[in-house]
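Reading through the structure tokens given below for one structure.
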Amino acid sequence: MADFQTSTHRAKWIFNPQELVEKYKAANQRAIQTLEKYGTTQMEVDSDGSLSYPEPIARDNADKHSRPKPLNIEEEQFMRVFYENKLREVCSAFYFPNKIQATALIYFKRFYLQWSVMEHHPKHIMLTCVYAACKIEENHVSAEELGKGISQDHQMILNYEMVVYQSLEFDLIVYAPHRPVEGFVNDMEEFCGAKDEQNQMLKDLQETARVEVDKIMLTDAPHLFPPGQLALVALRSANELHKVLDFERYLRSILTRQNSEHTISELIESLNVIDAWVRKYKFPTEKDMKHINRKLKSCWGHSSHDDSKKREKKRQKSQKSSNENQNGPSSIA
């Protein structure tokens, strides 16, 4: 069985907070520079997975005041948060197990350490990450089936597949907190010398911890802490509700048995930091998302004026078709 301690997950994808901030800043700045150079930020993805920028959009001096404003880092974060929740909805709609949802979320989070949401639409990346997670977790769902289930073009998923793999640096084995939660609960049974009644309490503890894990996975904590510590935070929160055991005493027993170099105060401090990430989690309001989507469309060269023209053109075409039907077919004599 693969081991987290020797994994690329631990070696390459666990960061400190400052490194994380720098990665988000770098992706945002690159997108801003792209916007200045090309007049648009959206990358085009060909059927072979190759990337290119569209032709620069010509803007005259009169357009200067209406040039698109890029998303700031907080707006990018809101967009990621919104689509991480959409990702969970897709997984729920298909009744995928927790492991697929967690793997897809980690893929999605890693992708946007490399790219800005201004460069690749999060909806496309979200769906492709779900598809990739199904493949790696051997829960086979075709792109056609996935696309059809949520009324999306499956070819888009296939086009983005290689882009996602490359952005993940082909590190597709990831470690989520769900399995550690199960392992710790089994360990708690021995630690407590659990009888029938306490076994049921531990089962309830595990169910509540799974809900807590889902909350943690929507934060940046998976980029910052190993899955074992994420699992302990979820179990500690669940234990505050169910009061099954003396949790600090249990933590001390873990450190003793593992001959850990960490002290109990260091471990508790790490768990408290993860808890703080959960507490400060913010979901964007509908007003936030409308504002961000307007800016994003502008960055992609799709202004509200363009949308209005498309709607008017469609209306005129529909009217013309209606008139022709009323007048009957043209004579071919």
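Cluster annotation: Val211 and Leu105 are assigned to distinct hydrophobic clusters (Ile/Leu/Val/Met/Phe/Trp/Tyr, side-chain heavy-atom contacts under 4.5 Å, transitive). When hydrophobic clusters are built by joining Ile, Leu, Val, Met, Phe, Trp and Tyr residues whose side-chain heavy atoms come closer than 4.5 Å, directly or via intermediates, Tyr281 is grouped together with Val273. A continuous path of hydrophobic side-chain contacts links Leu158 to Ile150 [ILVMFWY only; heavy atoms under 4.5 Å]. Using a 4.5 Å cut-off between side-chain heavy atoms of Ile, Leu, Val, Met, Phe, Trp and Tyr, with links allowed through other members, Val21 and Phe15 fall into different hydrophobic clusters. When the side chains of ILVMFWY residues are joined at heavy-atom separations under 4.5 Å, either directly or via intervening members, Phe283 and Met126 end up in a single hydrophobic cluster.
Interatomic distance, CG of Asp187 versus OG of Ser253, reported as 6.5 Å (0.5 Å rounding). His120 NE2 to Thr41 OG1: the interatomic distance, rounded to the nearest 0.5 Å, is 10.0 Å. Atom CD1 of Ile136 is separated from atom CD of Glu138 by 8.0 Å, given to the nearest 0.5 angstrom. Separating the OG1 atom in Thr208 from the CG atom in Leu235 is a distance of 10.0 Å, to the nearest 0.5 Å. For the atom pair Phe225 CZ and Thr219 OG1, the distance stands at 9.0 Å (nearest 0.5 Å). Interatomic distance, Thr263 OG1 to Ile268 CD1, rounded to the nearest 0.5 Å: 8.5 Å.
When the options Gln29, Arg30, Glu76 are evaluated for a side-chain hydrogen bond (donor to acceptor under 3.5 Å, both in side chains) with Ser116, the one that passes is Glu76.
A donor-acceptor contact under 3.5 angstrom links the side chains of Gln155 and Asn159, judged on distance only. Side chains of Glu137 and Thr103: a donor-acceptor N/O pair is present below 3.5 angstrom, by distance only.
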Practice item. Could you please spell out the steps behind the side-chain contact (heavy atoms from CB on, under 4.5 Å) verdict for Tyr160 and Leu127? Key: CA-CA 9 Å; Tyr160 269 100; Leu127 295 174; over 6 Å; no

**Study point:** Candidate pair Leu51 and Val45, rule side-chain contact (heavy atoms from CB on, under 4.5 Å), full reasoning
**Key:** CA-CA 5 Å; Leu51 295 171; Val45 181; 3.5 Å; yes

Check your understanding: Given the rule in the side chain to side chain donor-acceptor pair (under 3.5 Å) test, do Trp115 and Ser167 qualify, once you have shown the distances and angles that lead to the verdict?
Key -> CA-CA 8 Å; Trp115 297 99; Ser167 300; 2.8 Å; yes

Point to revise | Derivation of the ring pair (Phe, Tyr, Trp, His ring centres under 6.0 Å) call for His140 and Tyr131 | key: CA-CA 9 Å; His140 299 295; Tyr131 177 63; 9.9 Å; no

Practice item. Just do the side-chain contact (heavy atoms from CB on, under 4.5 Å) check on Gln152 and Ile157 with the steps written out, would you? Key: CA-CA 9 Å; Gln152 296 294 325; Ile157 297 172; 5.7 Å; no

Review point. So Gln114 and Leu168, side-chain contact (heavy atoms from CB on, under 4.5 Å) or not? Walk me through it.
Key: CA-CA 9 Å; Gln114 318 281 34; Leu168 301 177; over 6 Å; no

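No donor-acceptor pair under 3.5 Å is formed between the side chain of Lys37 and the backbone N or O of Thr34. The main-chain N or O of Val244 is found under 3.5 Å from a side-chain atom of Asn239 such that the two form a donor-acceptor pair. Asn259 contributes no side-chain N or O that, together with a main-chain N or O of Leu255, makes up a donor-acceptor pair within less than 3.5 Å. One N or O on the side chain of Lys109 and one on the backbone of Met217 form a donor-acceptor pair closer than 3.5 Å. In this structure, Lys86 contributes its side chain and Lys123 its backbone to no donor-acceptor pair below 3.5 Å. No donor-acceptor pair under 3.5 Å is formed between the side chain of Gln101 and the backbone N or O of Cys91. In this structure, the side chain of Arg110 engages the main chain of Asp171 through a donor-acceptor pair within 3.5 Å. The closest donor-acceptor contact from the side chain of Thr6 to the backbone of Asp3 lies under 3.5 Å. At least one donor-acceptor pair under 3.5 Å links the side chain of Thr40 to the backbone N or O of Cys299. Without hydrogens or angle criteria, Ser298 side chain to Arg294 main chain gives no donor-acceptor distance under 3.5 Å.
Ile173 places a side-chain heavy atom less than 4.5 Å from the side chain of Tyr175. Residues Val117 and Tyr112 are in side-chain contact: their nearest non-hydrogen atoms beyond the backbone lie under 4.5 Å apart. Put simply, the side chain of Glu75 does not reach to within 4.5 Å of the side chain of Asp288, judged on heavy atoms. Proximity of Phe108 to Pro122: side-chain heavy atoms (C-beta onward) are separated by under 4.5 Å at one or more points. Counting only heavy atoms from C-beta outward, the side chains of Met188 and Phe247 approach each other to under 4.5 Å. In this structure, the side chains of Met79 and Met118 stay at 4.5 Å or more apart for every pair of heavy atoms. Between Phe94 and Val130 there is no side-chain heavy-atom pair separated by less than 4.5 Å. The closest side-chain heavy-atom distance from Leu241 to Asp204 is not below 4.5 Å.
Ion pair Glu161/Lys135 flagged as a salt bridge, since at least one NZ, NE, NH1 or NH2 atom sits closer than 4.0 Å to an Asp/Glu carboxylate oxygen. For the pair Glu286 and Lys290, the salt-bridge criterion is met [side-chain N within less than 4.0 Å of a carboxylate O]. The pair Asp275-Lys280 does not meet the salt-bridge criterion, since no charged nitrogen lies less than 4.0 angstrom from a carboxylate oxygen. Electrostatic pairing of Glu207 and Arg210 counts as a salt bridge here, judged by a charged N lying under 4.0 Å from a carboxylate O. Note on Arg252 versus Glu248: salt bridge recorded, some NZ/NE/NH1/NH2 to OD/OE distance being below 4.0 Å. Lys215 and Glu212 are joined by a salt bridge, as a carboxylate oxygen and a charged side-chain nitrogen come within less than 4.0 angstrom of each other.
The number of heavy atoms from other shown groups lying within 6.0 Å of NZ (Lys99) is above 12. Atom CD of Glu19 sits in a crowded spot, with more than 12 heavy atoms from other residues, nucleotides or ligands closer than 6.0 Å. More than 12 heavy atoms of other residues, nucleotides or ligands sit less than 6.0 Å from atom CZ of Arg257. Counting non-hydrogen atoms of neighbouring residues, nucleotides and ligands closer than 6.0 angstrom, the NZ atom of Lys12 exceeds 12 such neighbours. Annotation: Gln5, atom CD; neighbour count of heavy atoms from other residues, nucleotides and ligands within 6.0 Å is above 12. No more than 12 heavy atoms of other residues, nucleotides or ligands shown are found within 6.0 angstrom of OH on Tyr95.
Between Tyr165 and Phe170, the two ring planes are tilted [angle within 30° to 60°]. Ring orientation note: the planes of His121 and Tyr83 are nearly perpendicular, at an angle over 60° on the 30°/60° scale.
Note that Arg236 lies outside the cation-pi zone of Tyr250, set by a 6.0 Å cut-off to the ring centre and a 45° limit from the axis.
Between Ala104 and Ala133, the shortest heavy-atom contact is N-CB, 3.6 Å. Here the shortest heavy-atom pairing between Leu224 and Asn16 reads CD2-C, 3.7 Å. The two atoms that bring Pro222 and Ile216 nearest to each other are CD-O, 3.7 Å, heavy atoms only.
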